[in-house]
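The model shown is predicted, which means the values in this text are computed figures rather than measured ones. Just so we're on the same page: letters track the sequence lines, and every chain starts at 1.
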2 protein chains.
Amino acid sequence: MADAARRRPRRGVSMADVARLAGVSSQTVSRVSTGHPSVVESTRQQVLAAMQELGYRPNSAARALKRGEFRTLGVILFTLATTGNSRTVEAILAQAAQEGYAITLIPVAMPTQDGVLGAFTRLGELAVDGVVVIMEVHLLDAANLELPPNMQVVVVDSDAGERYPVVDTDQADGARQATRHLLELGHETVWHVSGPIESFAAGRRTQAWRETLEAAGKTVPPPQLGDWTAESGYQAGLVLAQNPGCTAIFAANDQMALGVMRAFHEQGRSIPGDVSVVGFDDIPDAHAFFPPLTTVHQDFAEVGRRCVEGLLRQIRNEPGSPGTDLVPTRLVLRGSTAPPRSA
Amino acid sequence: MADAARRRPRRGVSMADVARLAGVSSQTVSRVSTGHPSVVESTRQQVLAAMQELGYRPNSAARALKRGEFRTLGVILFTLATTGNSRTVEAILAQAAQEGYAITLIPVAMPTQDGVLGAFTRLGELAVDGVVVIMEVHLLDAANLELPPNMQVVVVDSDAGERYPVVDTDQADGARQATRHLLELGHETVWHVSGPIESFAAGRRTQAWRETLEAAGKTVPPPQLGDWTAESGYQAGLVLAQNPGCTAIFAANDQMALGVMRAFHEQGRSIPGDVSVVGFDDIPDAHAFFPPLTTVHQDFAEVGRRCVEGLLRQIRNEPGSPGTDLVPTRLVLRGSTAPPRSA
DNA sequence: CACCACGATGTTTACGTTAACATCACGATA
DNA sequence: TATCGTGATGTTAACGTAAACATCGTGGTG
């Protein structure tokens, strides 16, 4: 065990070491390492053998220094705990890997915990060629962090369209589809459990819900304010369950819909018999809820794909389409919605 | 808009540029940049002003090359889609940030998609000082990927204790607590919905469930095989619901428990009246399930903390405790369990 | 047979930073 | 006043790689 530490050389094996052993120049080693064509097969084999023997690994710092690029993208976020964030990151990860890029996660502590970031206070030191910001840009400002100048940026879920290219799910259209679906089933109006006010996505969903009701000439009930958690949905559900006139609910995400449904179950109200519920996100569990949840499907994979493509386009200095890039949503019909009893 | 591209210099601003503008040597710029004490205040201000004006950002590749370390840890995983993985990553992220380390995510495509990884075929090129492997090490082997020699490694959720340091939740104890709880409530025996066979964690949970039943002299019903998804839990639930003797179920994770409960609800069987259900993980939504789920709480934050600490200890060549580091679990009692009707 | 083209390989240099050492000015001390 | 120490700043070199250029040998062509 103790020799494990001893065995580890302070510095790694370099091209020069490999070159010496293989009896070639280090440039030839470099050529083998990068797959350059003009190396004769016999030489290549010698070099590969030497690499193997010494356990050579290219030093990516030196490589990045020489090439002027890291082949790494940063992702700035508050948390991975929300389904939306982790799925977006996963999609970005997949797409970036395909393009030969690595992903570095950059957590931003909330303003209240400032200083926790330690060495990362200065975003500028990051070894990345560009960043995807998965949060409200103004929250970044609030956290007293400034995106470095000359840094390529794409923003998700934000109103930063003026300042940066934005990729986002078509929040408004999704909310519109959800609300219309409930109206078309014959419900008098649709009640709403919203996300937190500081979220741009939540704001857009609420706004589209309101506009859809108004356009249909329906009354607009006061929205219940939630915070994305199932618990907040439960609390909202307890309030709504008091109201016998409430027969249709649009929750701004699936977790809150889950909480709402629990509240109604506990009150002995049936879903969708007494009340219809629609969510937003289409998390993997949504179809296993009781009843399976009708919800707005977000195409996170597509969001991730467009983020990476947009960012790489900027990095490669290719012409890009600025402005907001909207990824369409679609309503997935399941068992949590039905016409009202009276209909 | 077009000038945004033009404005961007091909190469960044270097210390030499700052030094020239500030009228000092680049070494002094370096000292300011790294916060070295022996720089007189007036000089410091000049340098800072020059940095500001030129938009200087230190080049971390050069820095890493010089220092011989990246201040970055890699996390190797298949997916972020499972709650366990994303929460573990989040915890690792938080702890690493506190230590001044960045996190690079390294997705490993399944063997069937080999080649997709492109530039990452050779794990060795990664710009990391060490890696956390969140997967079965033998699966890494199957994917034809080899951990580079001389790379510092910590493994989560694996049986690799012989080859690498391992940090893991105490799977066995959690499963034991869950099973015992149901037996103590008076149930004849406990049925089980397991995770996929290739998962070490799933195997340990199943094994501990079986041993607990045997130790109590109970019959061991055949486990239902799931794959962590709510859908597979639902399928298992449909099977178990056929069996009137089944009054207590231990599902290997919360999502499958969710599916199981839906199956029982659909059959008109009440929970916990007719059947008690226990999950594993304690995902945030678990207390919003209907009914709120009794489950085994995993301390992901602690797992992440110990991973990072263990890895940094290795990197810093400090004496570490090898072997498997088990993080305790605890059973959280909620509304999905009760004594059997007959009791 | 002289010359040239081309492919394989070697040599030089620069990427941006920082450790180590060198220098310099200034004030304290004998 | 000569000397020395101290703290601020400058100079040099090296980290590992790869682009650019240089060299060498071989085979083809007029």
Could you tell me the separation between the [atom1] atom of [X] and the [atom2] atom of [N], rounded to a whole number of Å?
| X | N | atom1 | atom2 | result |
| --- | --- | --- | --- | --- |
| A/Leu54 | D/dG16 | CG | P | 14 Å |
| B/Asn59 | D/dC15 | CG | P | 18 Å |
| A/Leu65 | C/dT13 | CG | P | 18 Å |
| A/Met51 | D/dG16 | CE | P | 15 Å |
| B/Met15 | D/dT11 | CE | P | 16 Å |
| B/His36 | C/dA20 | NE2 | P | 11 Å |
| B/Arg31 | C/dA20 | CZ | P | 13 Å |
| B/Lys66 | D/dA13 | NZ | C1' | 8 Å |

Does OP1 or OP2 of [N] have a side-chain N or O of [X] closer than 4.0 Å?
| X | N | result |
| --- | --- | --- |
| A/Ser14 | D/dG16 | no |
| A/Arg63 | D/dA18 | yes |
| A/Thr28 | C/dG10 | yes |
| B/Ser30 | C/dT18 | yes |

Audit row: A/Phe300, A/Thr88, side-chain contact (heavy atoms from CB on, under 4.5 Å) steps and yes/no = CA-CA 5 Å; A/Phe300 291 105; A/Thr88 304; 3.4 Å; yes
Flag side-chain contact, heavy atom, 4.5 Å: B/Ile92 against B/Ile103: yes
task = Would you indicate whether the side-chain heavy atoms of A/Tyr101 and A/Gln95 approach each other to under 4.5 Å?
result = no
Salt bridge (Lys or Arg N to Asp or Glu O under 4.0 Å) test vs A/Glu99 passes for just one of A/Arg305, A/Arg313, A/Arg316, A/Arg71, namely A/Arg316
When rounded to the nearest 0.5 Å, the distance separating CG of A/Leu105 from CG of B/Leu80 is 8.0 Å
OG of B/Ser60 to CZ of B/Arg63, rounded to nearest 0.5 Å, is 8.0 Å
Overall bend of the helix from C/dC1-D/dG30 to C/dA30-D/dT1 (five pairs an end, 10° steps) is 60°
The residue, A/Thr34 or B/Gly23, whose nearest nucleotide of DNA chain D is more 5′ is B/Gly23
ask   = So, B/Thr43 and B/Arg31: side-chain donor and acceptor under 3.5 Å apart, yes or no?
value = no
Numerically ordered, the residues 37-49 of chain B set in heavy-atom contact under 4.0 Å with DNA chain D is B/Ser38, B/Val39, B/Val40, B/Thr43
Exercise. With a cut-off of 6.0 Å (strictly less than), are more than 12 heavy atoms of other residues, nucleotides or ligands near CD of B/Gln52?
Worked result: no
Salt-bridge criterion met for A/Glu90 and A/Arg87 (N-O under 4.0 Å)
no
Open item on the list: Quick test of your reading of the model: are B/Arg44 and B/Glu41 salt-bridged, counting only N-O distances below 4.0 Å?
Closed with: yes
B/Arg67 has its side chain closest, among C/dT17, D/dA18, C/dT18, to C/dT18
A/Ser25 has its side chain closest, among D/dG10, C/dG10, C/dG16, to C/dG10
Quiz item: A/Arg57 side-chain donor-acceptor pair to D/dG16 base, under 3.5 Å: no
